[in-house]
Structures are given as structure tokens and as C-alpha cells.
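Chain letters run A, B, ... following the sequence lines, proteins first, then strands; residues in each count from 1.
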Amino acid sequence: VVKGKPIDEDAFEGIEEALILADAGFETTEILVASLKEKWKRGQIKTTEDIQTSMIEEVEKLLLPIERHIPTDSKKPFVILTIGVNGVGKTTTIAKLANIYRTSKKKVLLGACDTFRAAAVEQLEVWAKRLDMDVIKHTEGSDPAAVAYDATKAAKARGIDVLILDTAGRLHTKVNLMEEMKKIKRVITKEVEGAPHEILLIIDATNGQNTISQVKTFHEALNITGIVVTKLDGTAKGGFILPIAHLLKIPIRYIGVGEKMDDLIPFSARDFSRALFG
Amino acid sequence: KLQERLESTFKKLKGYGKLSETNIKDSLREVRIALLEADVNYKVAKDFLEKVKEKVLGEDVLSSITPGQQFIKIVYNELCELLGKVNKPLDVAGSPPVPVLLLGLQGSGKTTTAGKLALLLRKKGRKPLLVATDVYRPAAIDQLIKLGAQLNVAVFSLKDSKDPLAICREAKAYAMKNGFDTMIVDTAGRLHIDDGMVEEVANQKKFLNPRETLLIIDAMTGQDAVTIATAFNEKVGIDGIILTKLDGDTRGGAAISIRAVTGKPIKFIGVGEKLDALEPFHPERMASRILG
Ligand SMILES: Nc1nc2c(ncn2[C@@H]2O[C@H](COP(=O)(O)OP(=O)(O)OP(=O)(O)O)[C@@H](O)[C@H]2O)c(=O)[nH]1
Ligand SMILES: Nc1nc2c(ncn2[C@@H]2O[C@H](COP(=O)(O)OP(=O)(O)OP(=O)(O)O)[C@@H](O)[C@H]2O)c(=O)[nH]1
Ligand SMILES: [Mg+2]
Ligand SMILES: [Mg+2]
């Protein structure tokens, strides 16, 4: 978008291209570009520079309501159930989140409920060792709900502040795996009333429109309370959070920006909207 | 569905005789929306639709009883053409041990796919060696070792090495000494914009001189597929692609984008977490899936 020039059709195509390339999706892009054209017709924006400014403002306004942090001071143990499709960064995000809680002097316990994937428990154990935290685990192939039960019980017994549970990656289209997740949730609720207090969905910034399908399906099945968008240190922009904000209004808690323990930062509507068009 | 939407746009064109640039606009727009919703890259979709426009204007679509269906058939055929008409199998020709190198972004499914390829080769009567060169991810080597154990396939690893190139060297020597005819080299996930890591895998490739360097990419990948595939192809060089996690409901438009910008064949698709969940790529099935 060339700065300061009077607006023409090409300018709108430029913003349309930017939004689509950012994975905002066709529908949301249409809505945003249409509102921009309205502003232009009403003389509220005059130059191509106005387009960029107006778009950033509009997106920030859209995202501000979902810029909400996890309320971990509300309950003890505060139970976080981490879910998401395969390979998005659940296990790594748990380590990063545990690190944040450890830094604010909270007692954290981890639960290795991925009893399916090869070396999933070992992976979480390596992180736990680095964090100097315990992991509740069972043998490979055991019932993940049983691990969740033991971990929740242990969290109560040990006076833990935050319990974070890792689960196996699962495609939202696999009915039996979604049923397994519902069972894990029920087992936790039976053990601690109101738990899990945070059902945290991890999504990958490199994914496209399928992310919307993931969020909708997981939300319908489990009632998600928070989202983390990972791998924003790549070139993908994660624009799908625009339709998520617009349609589902689920809070974005953090964004993942790397593979190290410190690479998790609180979601900022302002920073995100700027990065989208930057 | 796309077919229904196209039938309705063509209903409006009844009696117009031949298709022209102007009256084809709506139909092309409908296809464009379908492609973008399927994650086909913005620019790739644009170029693709230009090709479709030429083909459609050259044919007498309106004289058909079902012009919408005719139109879709042209789009479908163009997609199949772009995706590669002939399935290209895994190339493991050459003097043993034949190296196959896997690379890709974090979490794309490389380690699991390495196991799947090992099973495929073992079933074909070959003696593959899995090589673990991901020295970064916690328990990555354990993961590959466990997969090898499940398959009864040998895994080469150096637990205390932090040097993927050194692991490759020792693995090759080990393979030659012990009669392995194929080496499937798993690598760490890396960003295409991480120069150090890109250089690392390029050096591994230089040493190994693989018969196949395969880009493992998640079928859910969005618009970024173009940037990713171009970067890896230009900076490292790839011979083929494996598209993973197609057992979900992603439309998989990334396949189109990647084919368009690299011209490299999609050799396999991953359709599950189990080690037998690897299938040869079929362009017609992918084309139908993308069109929804
Ligand atoms: N660049 C980058 N890589 C990440 C980020 N988060 C996770 N990863 C990497 O992504 C890969 C997958 O991470 P995992 O934590 O194993 O993902 P997962 O969702 O637990 O995977 P499954 O349990 O197999 O479903 C690893 O290589 C991580 O280091 C991120 O924010 N940025
Ligand atoms: N449903 C499904 N899951 C898959 C497929 N391929 C791999 N996975 C899963 O995706 C997740 C990531 O797979 P990995 O093999 O660990 O991915 P990776 O590329 O080696 O990850 P990094 O080494 O961290 O870069 C695991 O949960 C796998 O089981 C597939 O075709 N379908
Ligand atoms: Mg995991
Ligand atoms: Mg791996």
C-alpha cells in the first residue's frame, strides 16, 4: 500500500490481499474491506495511508475484547487442561506457561495425560526437570483419564497452586478422541468442583482456515476458555484470530514465539494488529 | 456447495450464446472463493484462475445442458494437471546405503513420517536404518528409537552428540558396515527463516547426497505454504513433498500452492498417527477435496 496517495480500487485490493495472505479468511476479509469502503464513501478516510491506519484501528478494536489473561488467582488448585490437534505445540507451551507461574512463585504440578504418542511423557519430563517440577504420569498406553484423576488428586493433596495437564494431539474430526477428551474433563470435574478452570486450546499460526473448524469443534465439545497461538516467530500471521474474535469471542491468552522456555508472551491486541499489516 | 453455486451463476447466462470475459466473472469469483477457503494461496489462485479463464473461453460451455458442471470439470482438470498427473514413487535407486532426508517446520510430522517410510521400505523387502539427528527437541531421539522398536527397524543415534553432521557421518559408516540399504534421516523442525538451522540441514544434505530430500508439510498449512516451500526449495533444494494430517477435514489447498511454486511432486500423504497411515498421493482425490 503506497502511502499518502488518493484511494482507488487498487488500494482496496491491496488490503484485501494483505488480509487473505495473513489467513484472515475470505468472509472476514470481505466484511473488513466493505466497512473500509463505507468509510471512504463517507469521506472518513482519504488517502492510502488512512487505509492502513483505519484497518489497524479496526482490527485492534475487534481483538481488544479477547485480550484477557488466565485468572489463576481465583481457585486452588487452578486446573489448566491443554488441548489441540497434533503438533501445534501443546507440550512446549505447557513448559513455557509453567515457567511463567514458577517465576511468580506459584507451586506448579504437571500431568502427563498423553499416554499415546511415542516418548510424549519423556518429553514433558525433560521440561519438568528443567523447571524443577514434578510430573504425574502412568505407563504408556494407560488411560489418560486415570492420569488426569491422579494428577488432580495429587494437586489437592500437595497444596498446588496451578496444575497443568498435557494431552495427546487429536484431530477434532476424530469422534472417539473427542469423547476421550470429554471423559478426561468429567473426571477432573468430579475430583475438583469447577475444574478444569481453564480449557486451553493451542493453535498453530502456520495453519490456515482449518483452524476455525478446530476451534468450533473443540469449543462445542468442551467449552474452551482460552487460546494460545503458537509459532508466530515464523512468517505466518495467524490472521484467523480475526474470525475467531468476531464469531466465537474466545480469549487469546498468549502467543508462542519460539522453542525456548521464555518464548511465550501475553496476547496484545495492539501489537498483533500492527504486526498483521507490518 | 460450489457446483450448486456455479449452476445458479450459469442460469443467469442462459441465452447469452457464448461465454465472454464479462459474463464469466461471477463464475470465476465463485471458484476463487472456494479456493481461498481451501487455503490455496492468494497469488497462486489468481494465476490459476487466469489459466481456467483461457480454457473456459476456448470451450463452448454455455451450449452444454449443465454449463456449471462443464465449468467445474474444466477447473477440476486444471487442478489435476497442476497437482501432477502421474504418481511418482519413492526413489531409492543407487548404491547402498541410499539416503532419504526429511525436513520441514516444527511439528509437521517428520519423525512419525520417518517411521512410516521405514515400514514401507521394510515391507518392500529392504533393510532401512532410521537416523536420529534432532539434537534439540526434548526426547526427540527417544521418540524415533521407540518408533523403530515398534517396527523392528534399527535406529542410529548418538545420545551425547550435539552435531547432526557428525551423526550423519557415523550413521553412514554404521549403515555400510551393517548392510543397511537405505538411510531415513529425521531432522529437527526448523523455520525457513532461521538461517543457521537452514544452513545446518543444507550441510547435512551436502554430506549425505540424498536420493530424495523430502519436505514434510502439514496439510492444514495456510497462505504461508508458498513462503515455506519456496524458501526450503531455494535454500536447500527438495525433490518431493509429503503432505501430513490429511485424515482431518482440512481442504489441503497448500498442496496447490506448493506444487505451483516448486513444481516438485507430492509423493505421499499422511492419513493418521499409526505407522501404516501413509498413502501414495492421488491428484484427482486432492482436486475434489480442494473444490469441496
Ligand atoms: N518456532 C516455534 N516452534 C514451536 C513453538 N511452540 C512449539 N514449537 C515446536 O513445535 C514442535 C511441536 O511441539 P510440541 O510441544 O511437541 O507439540 P504438541 O502439540 O505437544 O505435539 P503432539 O503432542 O505430538 O500433538 C516442537 O519442535 C516445538 O519445539 C513456537 O512458538 N515457535
Ligand atoms: N492425525 C495425524 N497425525 C499425524 C500425522 N503425522 C504425524 N502426526 C502427528 O503429529 C504430531 C507431530 O508429529 P512429529 O512426527 O512429532 O512431528 P515432527 O515434525 O517430527 O515434529 P518436530 O520434530 O518437533 O519438528 C504427532 O502427534 C504425530 O502423531 C498424520 O498423518 N495424521
Ligand atoms: Mg505433546
Ligand atoms: Mg521430530
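Side-chain contact between A:Leu248 and A:Val215: present, with at least one pair of heavy atoms (C-beta onward) separated by less than 4.5 Å. With contacts defined as side-chain heavy-atom distances shorter than 4.5 Å, the pair B:Ile184/B:Val131 does not qualify. Looking only at side-chain heavy atoms (C-beta outward), B:Ile217 and B:Ile258 come within less than 4.5 Å of each other. The closest side-chain heavy-atom distance from B:Val40 to B:Phe48 is not below 4.5 Å. Using a 4.5 Å heavy-atom cutoff, the side chains of B:Ile216 and B:Ile241 are not in contact. The side-chain heavy atoms of A:Leu264 and A:Leu97, taken from C-beta on, include a pair separated by under 4.5 Å.
In terms of heavy-atom pairs under 4.5 angstrom with chain A, the leader among B:Ala139, B:Ala254, B:Pro138 is B:Pro138.
Interface residue B:Leu36: backbone and side-chain heavy atoms are both found under 4.5 Å from chain A. For A:Val121, no part sits under 4.5 Å from any heavy atom of chain B, backbone or side chain. Looking at B:Leu105, only its side chain comes within 4.5 Å of chain A, counting heavy atoms on both sides. Contacts of B:Ile141 with chain A are absent, with no heavy-atom separation under 4.5 Å from either backbone or side chain. With a 4.5 angstrom heavy-atom cutoff, A:Phe240 does not touch chain B via any of its atoms.
With sequence neighbours excluded, no residue forms a salt bridge (Lys or Arg N to Asp or Glu O under 4.0 Å) with B:Glu199.
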If you apply the rule side chain to side chain contact (heavy atoms under 4.5 Å, CB included), what do you find for B:Phe281 with B:Leu83, and how did you get there? CA-CA 10 Å; B:Phe281 176 71; B:Leu83 287 168; 4.0 Å; yes

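Using a distance-only test at 3.5 Å, with no hydrogens or angles considered, no donor-acceptor pair links the side chain of B:Arg259 to the main chain of B:Ile266.
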Just by distance, which donor-acceptor pairs between chain B and chain A come in under 3.5 Å?
residue, atom, partner, partner atom, Å
B:Arg29, NH2, A:Glu30, OE1, 3.1
B:Arg32, NH2, A:Glu16, OE1, 3.3
B:Asp39, OD1, A:Gln209, N, 2.8
B:Asp39, OD2, A:Gln209, N, 3.3
B:Tyr42, OH, A:Glu16, OE1, 2.9
B:Lys46, NZ, A:Glu13, OE2, 2.7
B:Gln106, O, A:Lys231, NZ, 3.0
B:Gln106, NE2, A:Glu259, OE2, 2.8
B:Arg137, NH2, A:Gln123, OE1, 3.4
B:Lys146, NZ, A:Glu122, OE2, 2.7
B:Lys146, NZ, A:Glu140, OE1, 3.0
B:His192, NE2, A:Thr235, OG1, 2.7
B:Met220, O, A:Gly208, N, 2.7
B:Gly222, N, A:Thr206, O, 2.9
B:Gln223, N, A:Asp23, OD1, 3.0
B:Asp224, OD1, A:Thr235, OG1, 2.8
B:Asp224, OD2, A:Thr235, OG1, 2.9
B:Asp224, OD2, A:Ala236, N, 3.3
B:Lys245, NZ, A:Asn86, O, 2.9
B:Asp247, OD2, A:Lys174, NZ, 2.4
B:Asp249, OD1, A:His172, NE2, 2.8
B:Asp249, OD1, A:Asn210, ND2, 2.7
B:Asp249, OD2, A:Ser213, OG, 2.8
B:Glu273, OE1, A:Asn86, ND2, 3.0
B:Glu273, OE2, A:Asn86, ND2, 3.1

